[in-house]
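Below you'll find the structure, written out as structure tokens, and then a few comments.
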Amino acid sequence: MKKDTVHAIRTALESLGISPCPPVDIEIPKGESHGDIATTVAMGLARSLKKAPRKIAEELVGAIPDRSIFESIEIAGPGFINFSFTKDYLRAMVKRLILRDRSILREEIGQGRKVLVEYVSANPTGPLHIGHARGAAVGNALCSILEESGYAVEREYYINDAGRQVKMLGMSVYAKYQQMLGVECEFPEDGYRGDYIDDEAKALISGAGEKYKGRSFDECGDEISSWSYRRMLALIGKDIVLFGIRDFDHWISEKELYDRGEVGQALSALRDLGHIYDKDGAVWFRSTAFTDDKDRVVIKSDGAFTYFASDIAYHKDKLDRGYDIIVDVWGADHHGYIPRIESVMQAFGYDSSKFRVILVQMVNLLKHGEPFQMSKRAGNFVTLSDVVELVGADTTKFIFLTRKADSHLDFDLDVVTAQSSENPVFYVQYANARINSILENARTKGIDPGAAVDADLSALELAEEFSLIKKLLAYPVVLEGAARAFEPHRVTYYLQELAGIFHSYYHHHKVITDDPRLTKARLALCLAIRVVLSDALTLLGVTAPEKM
RNA sequence: GCGCCUGUAGCUCAGCUGGAUAGAGCAACUGCCUUCUAAGCAGUAGGCCACAGGUUCGAAUCCUGUCAGGCGCGCCA
């Protein structure tokens, strides 16, 4: 739909000798009275051509060579050109959808460009919680959308396994272990207090027995820390599987960056470029030379690297790997880091426009309408696995994807567990399940739904049927917008709209009728709808159950 | 104090990178199950797009200011 229209407009622009050819903006009008698809090019050209928009539109329309696919082309309002398609054109698209013709499901805007998306990257000191889940859902869906739009996407998780956090994890487990074995041991003040620490201590007892009993942390701390850390990483891996998002292509270890000397190398590279200086016994990165408002310490006066130092190394590593676009999905509370990372990019001579941060706002967890305060230290946070068990992975992901990433989100445990119509995911999944139910019903009546590909689609004549087809043809336009804007939630909204039109159609018209020709045609339409529903749900990481 | 995000129906939020008469879900009222799944459908009602200016053919959308909420501003991680 879009491709054919854009092609027609481009051809017309060329034949009018308008060059360079301006970008052809296409939009799908809200109301059907404005046609099936519209363009604003004429209005956009008004200024540079110094002509009235409607005049340009007229010339443009006159110059469209082949208008056989259009029912009508009208100029409206200040200079819109509204296109309507013939019924036969629309009908023909149904078959291409059933056959999953990629050219009408996707816009290949990525052209193979390499994209790295880093998301989740939770510290390996405990299980994932509800806050991480939003980043996981958004990152996962974004990757799928970009991938299906023709980008070469790599998914990455950065593990902060070098700092004191891992040590603190070890100390927490160590203390709990000693306590359980009856040895008096003070729990570290900044230790992690979740139930999982108890579990780890128990696991340590059953695995190592009393091997560490009564020994000092200096003696056995490293062993316990790295043991705990590996288990936490495994736990996070399990959570990711449980949540139903794709596995990461790369798990990058901060510690390994240090071990390979990359942190030191990155800093000396910066020093060679003249962006490093010494002051007050510390080593500084002159980030104010770029977009930052403050210079940043990279090596403290006690000789230790700051967290930012390894971040420099990590992002240099990303740059060196040669991606066209580097995306970081961060919690919104880290927004203050954007300028300094941008500065790093620029310091290494890269255009920071290839770097893009998606900020994911906090999840406001509610229970009985009241805020449910989470604190990892207090140990009362709600884990991702708890939520998956309580709410379900599909619902959780879908709800996280019904808002744009940078808006705040209320997640009321009572509301989302109610299994009521407040769960938009059911609405969409139900449409898919209904179609399967129809197909099943057809089979029991001896009709092979698969044969519907050959249906005589001229039997489709209802306005609702054409609304459905047009909505299906809008899918690649929505996908393209979602990919360009890095906004997965657009797909979520589209799905709800498509499901809505289908539910209405279902209620008003029988698919399986006494008329074999009509039945076959409507089955074909159902198959096409199912293709889009399941395709979009898959991109969002949500399942498309056959039965509900 | 400075910076970032947000402000749209009673509530939760969309609004397609500046387009045509502002949308959805929930909540509230009205109807619809001997017919492919009622987790559904049809309808009613609900708005000074926080406020004030500006930019232009055209603004919920872009710019400036004000107000309100959230977050961030360490030789922490």
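The sequence lines fix the lettering, A, B, ..., with proteins before strands; numbering per chain opens at 1.
Taking atom C1' on both B:rC48 and B:rA9, the two are 13 Å apart, rounded to the nearest angstrom. B:rC49 sits 12 Å from B:rG23 when the C1' atoms are compared, rounded to a whole Å. Separating the C1' atom of B:rU66 from that of B:rG47 is a span of 23 Å, rounded to the nearest Å. Comparing the P positions of B:rA24 and B:rA38 gives an interatomic distance of 23 Å, to the nearest angstrom. B:rG18 and B:rU56 have their C1' atoms separated by 10 Å, given to the nearest Å. For B:rG53 and B:rC5, the C1' atoms lie 23 Å apart once the distance is rounded to whole Å. Using atom P as the reference point in both B:rG46 and B:rC41, the two lie 23 Å apart (nearest Å). Taking atom P on both nucleotides, B:rA22 is separated from B:rA60 by 9 Å, rounded to a whole Å.
The side chain of A:His489 lies closest to B:rA14, out of B:rC76, B:rA14, B:rC4. Nearest to the side chain of A:His408, among B:rC41, B:rG19, B:rG69, sits B:rG69. Considering only side-chain atoms of A:His503, the nucleotide from B:rC71, B:rA20, B:rC41 that sits closest is B:rC41. Side-chain proximity of A:Lys294 to the nucleotides B:rG19, B:rG74, B:rA14 is greatest for B:rG74. The side chain of A:Tyr427 has B:rG40 as its nearest neighbour among B:rC75, B:rG40, B:rC5. With distances taken from any side-chain atom of A:Glu27 to the nucleotides B:rG19, B:rG15, B:rC75, the minimum falls on B:rG19. Here B:rC36 is the nucleotide among B:rC41, B:rU17, B:rC36 with the atom lying nearest to any side-chain atom of A:Val511. Closest to the A:Lys300 side chain, of the nucleotides B:rC76, B:rC36, B:rC13, is B:rC76. In this structure, of B:rG72, B:rU17, B:rC5, it is B:rG72 that holds the atom nearest to the side chain of A:Asp333. Here the side chain of A:Lys404 is nearest to one of B:rA14, B:rU17, B:rU12, namely B:rA14.
Taking the syn range as angles within 90° of 0, the glycosidic angle of B:rU21 is outside it, so the base is anti. In this structure B:rC33 sits in the syn conformation; its chi angle is within 90° of 0.
Residue whose closest nucleotide on RNA chain B sits further toward the 5' end, between A:Gly281 and A:Met43: A:Met43. Nearest-nucleotide positions on RNA chain B for A:Glu546 and A:Gln165 put A:Glu546 closer to the 5' end.
Ion pair A:Asp190/A:Arg193 not flagged as a salt bridge, since none of the NZ, NE, NH1 or NH2 atoms sits closer than 4.0 Å to an Asp/Glu carboxylate oxygen. Using a 4.0 Å cut-off between charged nitrogen and carboxylate oxygen, A:Glu487 and A:Lys404 do not count as a salt-bridge pair. Look at A:Lys471 and A:Asp36 and you find no salt bridge, because none of the NZ, NE, NH1 or NH2 atoms lies under 4.0 Å from a carboxylate O.
Between A:Asn432 atom CG and B:rG40 atom C1' the separation is 15 Å, expressed in whole Å. Rounded to an integer number of Å, the gap from CD1 of A:Ile501 to P of B:rG40 is 16 Å. Note: CZ (A:Phe80) to P (B:rC57) measures 15 Å, nearest angstrom. Separating the CG atom of A:Leu409 from the P atom of B:rG7 is a distance of 14 Å, rounded to the nearest angstrom. Between A:Leu401 atom CG and B:rA24 atom C1' there is a gap of 17 Å when expressed in whole angstrom units. Regarding A:Lys470, its NZ atom lies at a distance of 22 Å from the P atom of B:rC16, rounded to whole Å. Between the P atom of B:rU34 and the NZ atom of A:Lys510 lies a distance of 13 Å, rounded to the nearest Å. Going from atom NZ of A:Lys279 over to atom C1' of B:rG74 covers 13 Å, rounded to whole Å.
Side chain A:His507 to base B:rG40: a donor-acceptor pair is found below 3.5 Å. Side-chain atoms of A:His335 and base atoms of B:rC71 include a donor and an acceptor less than 3.5 Å apart.
In a base pair of the Watson-Crick type (N1 to N3 plus N6-O4 or O6-N4) or a G-U wobble (N1-O2 and O6-N3), with each distance short of 3.5 Å, B:rC57 is matched with B:rG19. The pairing partner recorded for B:rC73 is B:rG1, the criterion being a Watson-Crick or G-U wobble arrangement whose two distances lie under 3.5 angstrom. Across every strand in view, B:rU64 sits in a pair with B:rA52 that passes the Watson-Crick or G-U test at under 3.5 angstrom.
Among the atoms of the strands shown, base atoms are found under 4.0 Å from some heavy atom of A:Ala38. Using a 4.0 Å heavy-atom criterion, one finds that A:Ala482 contacts no nucleic acid atom at all. Residue contacts for A:His34: at a heavy-atom cut-off of 4.0 Å it reaches a base atom on one of the strands shown. Nucleic acid contact for A:Met168: none, since no nucleic acid atom lies under 4.0 Å from a heavy atom of the residue. Using a 4.0 Å heavy-atom criterion, one finds that A:Thr492 contacts no nucleic acid atom at all. A:Asp280 comes within contact range of at least one nucleobase, with a heavy-atom separation under 4.0 Å. Residue A:Ser301 is in base contact, counting any heavy-atom pair closer than 4.0 Å across all strands shown. At a threshold of 4.0 angstrom between heavy atoms, the contacts of A:Asn82 include nucleobase atoms, whether or not backbone atoms are also involved. Within the nucleic acid shown, A:Ala52 has no heavy atom closer than 4.0 Å to any nucleic acid atom. If you check every strand for non-hydrogen atoms under 4.0 Å, A:Ile28 touches a base.
Distances shown here put every side-chain N or O of A:Arg403 at or beyond 4.0 Å from the OP1 or OP2 atom of B:rU6. Within the 4.0 Å cut-off from OP1 or OP2 of B:rA42, at least one side-chain nitrogen or oxygen of A:Ser504 is found. Taking only side-chain nitrogens and oxygens, A:Ser407 comes nearer than 4.0 Å to OP1 or OP2 of B:rA14. Phosphate contact (OP1/OP2 of B:rA20, side-chain N/O of A:Lys30, threshold under 4.0 Å): present.
Between A:His509 and A:Arg522, the side chains place no donor N or O within less than 3.5 Å of an acceptor N or O (distance only, hydrogens not considered). A:Asn432 and A:Arg530 form no side-chain donor-acceptor contact under 3.5 Å, judged by distance and modelled atom types alone. Between A:Glu254 and A:Asn160, the side chains place a donor N or O and an acceptor N or O closer than 3.5 Å (distance only, hydrogens not considered).
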Task: Pair A:Phe400-A:His489, ring-ring contact (aromatic ring centres under 6.0 Å, His included): steps then yes or no - done: CA-CA 8 Å; A:Phe400 284 163; A:His489 75 275; over 10 Å; no
Task: Residues A:Tyr475, A:Tyr494; criterion ring-ring contact (aromatic ring centres under 6.0 Å, His included); working and verdict - done: CA-CA 8 Å; A:Tyr475 178 55; A:Tyr494 169 81; 5.5 Å; yes
TODO: Begin from the C-alpha positions of A:Asp292 and A:Arg286 and carry the test salt bridge (Lys or Arg N to Asp or Glu O under 4.0 Å) through to its verdict.
DONE: CA-CA 9 Å; A:Asp292 208 356; A:Arg286 192 179 286 107; over 6 Å; no
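Applying the 6.0 Å contact sphere to CG of A:Asp222 captures no more than 12 heavy atoms from other residues, nucleotides or ligands.
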